[in-house]
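Please read these numbers as outputs of a predicted model, since none were measured by experiment. First the proteins, then the strands, lettered A, B, ... as listed; each starts at 1.
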Number of protein chains: 2
Amino acid sequence: MARRVDPHERRELLADALMRLAAERGLEAVSLRHVAAEAGVSTGMVQHYFRTKDEMMTFALGMVMDRIRRRSQALSVPATPRELVRGLLLQVLPLDETRRLENHVVLAFLAYAAVKPALASGLRESAAEMRTFLADQLRAAGADGVGHEQAAAGLLALVDGLGLQLLSRQYADEDAVAALDAQLALLFGRR
Amino acid sequence: MARRVDPHERRELLADALMRLAAERGLEAVSLRHVAAEAGVSTGMVQHYFRTKDEMMTFALGMVMDRIRRRSQALSVPATPRELVRGLLLQVLPLDETRRLENHVVLAFLAYAAVKPALASGLRESAAEMRTFLADQLRAAGADGVGHEQAAAGLLALVDGLGLQLLSRQYADEDAVAALDAQLALLFGRR
DNA sequence: GGAATGACAATACAGTTGCAACGCAAAGGA
DNA sequence: TCCTTTGCGTTGCAACTGTATTGTCATTCC
C-alpha cells in the first residue's frame, strides 16, 4: 500500500473523530490516542498525518469553519434579502444534531482560541465575512433605523448568544427561532 | 496553627488563583499543582480544602456566578426601568479588566459545562434569573412590540454574543455598547 | 529485480496529571 | 500533662500525555 491513499481524506477522517470527541467529551478529551481510538486506527497513523497535536487542532478547526461556510453558500438561491438573512442565520443555529455537534466544537475552540491566539484569526475572519454579508443584505433591503453595520453586528451577536443558550439547553429550539424572527421583524418591519 | 483559619476564605483564595490561571492560560492549564503554585501554597493544602478537582472547579464556578450576581444587585438604585436594564447588561459585558477576566472564566466553564452537565445547572439558574428580571423591567416600562419574555431572551442573547465577540477582540468596546444601545432604542423607542 | 518510498505500527521516553498515604507541628480540651 | 483534632507539607504512584525513534511491509519506479 503506497501512494494510493488521499492524504486530505485521511486527515478529514481523523478530524471527524476529533469532532465527535470534542462534542461529546470536550476538548480536554482530545488526545492523540483518543482520536486514534475513536477513528479506529493506530496512534502512529495520527502522527503520520499530523506531525504535532497543534497541527491536528488547527486542521480540525479549519474543517469545521469550511463546512459551515460551504453550507451557507449553497444557500444563495434567488430570494429576497430578508429570506437570505433568515436562511443564513438559521443555518448557524444548532437546530439539528449535526449543527449541535458543530456548535459544540466551535464553542470548545472559542474557549481554546481565547488562550491560543494563533487559532483565533480563523474564527475572526469568518465572523467578519458573515458580518459584511449581512450588512450588504440589510442595505439592499433598505432596512431602516439603525446603521446597517451595527444591525448586522447585532444580529450576529444575537445568533451567537442564542446558540450558546441552545447548547446549554436553556432554551427550546422554537423559542430561539421566535427570538430571531422577532428581531428580524424589528429590523425589516413587521411581516 | 490550628483552628484559626476561615475555611471559606481559604477556598476563595484558591479559587481566585484558579480564575487567574483559567483566564490567562485556559482551563486546560488548571491542575492541582498549578493552582497551588499560583496561589503560592503547597498542593497538599489545595487537597485539604478540595477533596477532588471537580469539587474545586464547582466551587470556583459558583464563586464567579455569585460575584456577578452580587455586583448586579448592588446596582438597584432608584432608576427608570430602561436605565436599570442598560446598567445590568453593561455589568455583564467585559468592558474592563476584571470583567474580561470573569467572562473568560465563564466562557471556559461554559465549554466545560457543555460536557459536564452537573456544572450546567448553576449557569442555567442564573441565566433564568436574569431573564425574568429583564422581562419584568420591560413590562414595567411598557415596552411595546414583541412579547416581553421574548425581548428579554433576545437581549440576553445579544449581550452574550457581544461578550463573545469582545473576548476574541473582534470588536471594539464602544461598538458593542452602541449595538446594545441600538437594540434598547428598538425596544424602548428612540431616546 | 533491486532500491527507494510512502504508509503505517510499535515502542520508548520524559514529563505531567489526580489522588492517596503518611508525617508532623500546633492548639485546645481532659 | 497527655491526647485528640486541625492544618498543612512531602512523597509516592499509577495513569496518561505529546513526541521521537525505529521497524515492517507493500507498492512503484528505474
Side-chain angles (χ1 to χ4, degrees), chain A residues 1-22 24-62 108-109 111-113 115-119, chain B residues 1-22 24-61 108-109 111-113 115-116 118-119:
Chain A
M1 238 186 259
R3 245 223 222 96
R4 307 282 273 277
V5 302
D6 175 6
H8 186 75
E9 190 176 283
R10 292 278 142 140
R11 271 185 260 263
E12 289 208 321
L13 180 96
L14 297 174
D16 266 327
L18 192 156
M19 276 185 57
R20 266 173 277 142
L21 268 179
E24 283 161 32
R25 298 170 45 208
L27 264 198
E28 42 164 301
V30 172
S31 75
L32 295 188
R33 284 167 244 257
H34 282 163
V35 169
E38 172 76 28
V41 302
S42 78
T43 78
M45 169 165 161
V46 179
Q47 280 193 98
H48 183 68
Y49 287 104
F50 300 111
R51 285 178 313 190
T52 157
K53 186 188 178 182
D54 246 47
E55 202 178 304
M56 179 174 74
M57 300 291 240
T58 310
F59 180 88
L61 177 57
F109 272 109
Y112 191 64
V115 156
K116 283 216 161 194
L119 278 186
Chain B
M1 317 158 199
R3 240 219 229 101
R4 308 281 273 277
V5 302
D6 174 8
H8 186 74
E9 192 177 282
R10 291 278 142 138
R11 272 185 261 262
E12 289 207 321
L13 180 96
L14 296 174
D16 267 326
L18 191 156
M19 276 186 56
R20 267 173 276 142
L21 268 179
E24 284 161 31
R25 298 171 43 206
L27 263 200
E28 42 164 299
V30 172
S31 74
L32 295 187
R33 284 168 244 257
H34 282 163
V35 170
E38 172 76 30
V41 301
S42 77
T43 77
M45 171 165 159
V46 178
Q47 280 193 95
H48 183 67
Y49 287 104
F50 300 112
R51 286 178 310 190
T52 156
K53 186 188 179 182
D54 245 49
E55 201 179 303
M56 179 174 75
M57 301 291 239
T58 309
F59 180 88
L61 176 58
F109 272 109
Y112 190 65
V115 156
K116 283 216 160 195
L119 278 187

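Here the side chains of A:Arg10 and A:Val41 are not in contact, with every heavy-atom distance at 4.5 Å or above. Contact of the A:Val30 side chain with the A:Met57 side chain is registered, since non-hydrogen atoms from C-beta on lie closer than 4.5 Å.
Atom C1' of nucleotide D:dT5 and atom NE2 of B:His48 are separated by 11 Å, given to the nearest angstrom. In this structure, CG of B:Asp6 is placed 14 Å from C1' of D:dG7, rounded to the nearest angstrom. Between B:Leu14 atom CG and D:dG9 atom P there is a gap of 11 Å when expressed in whole angstrom units. In this structure, the CZ atom of B:Phe50 is 14 Å from the P atom of C:dG18, given to the nearest Å. A straight line from CE of B:Met45 to P of C:dG18 spans 17 Å, rounded to a whole angstrom. The nearest whole Å value for the distance from the CD atom in B:Glu9 to the P atom in D:dT6 is 19 Å.
Aromatic ring pairs are classed by plane angle as parallel below 30°, tilted from 30° to 60° and perpendicular above 60°; the pair B:His8 and B:Phe59 is perpendicular.
One distance of note links NZ of A:Lys53 with OG1 of A:Thr58; it measures 11.5 Å at 0.5 Å rounding.
Screening residues 35-47 of chain A for salt bridge (charged side-chain N to carboxylate O under 4.0 Å, His left out) gives A:Arg20-A:Glu38 as the qualifying pairs, with residues at least two apart or on separate chains.
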Tabulate atom names and distances for all N/O pairs under 3.5 angstrom spanning the protein and nucleotides 15-19 of chain D.
{"residue": "D:dT17", "atom": "OP1", "partner": "A:Ser31", "partner atom": "OG", "Å": "3.3"}
{"residue": "D:dG18", "atom": "OP1", "partner": "A:Lys53", "partner atom": "NZ", "Å": "2.9"}
{"residue": "D:dG18", "atom": "OP2", "partner": "A:Leu32", "partner atom": "N", "Å": "3.0"}
{"residue": "D:dG18", "atom": "N7", "partner": "A:Arg33", "partner atom": "NH2", "Å": "2.5"}
{"residue": "D:dG18", "atom": "O6", "partner": "A:Arg33", "partner atom": "NH2", "Å": "2.6"}
{"residue": "D:dT19", "atom": "OP1", "partner": "A:Thr52", "partner atom": "OG1", "Å": "3.2"}
{"residue": "D:dT19", "atom": "OP2", "partner": "A:Lys53", "partner atom": "N", "Å": "2.8"}

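Scanning both residues, A:Ala29 and A:Leu21, for their nearest heavy atoms gives O-CD1, 4.1 Å.
Checking C:dA7, D:dC8, D:dG9 against the side-chain heavy atoms of A:Tyr49 singles out C:dA7 as nearest.
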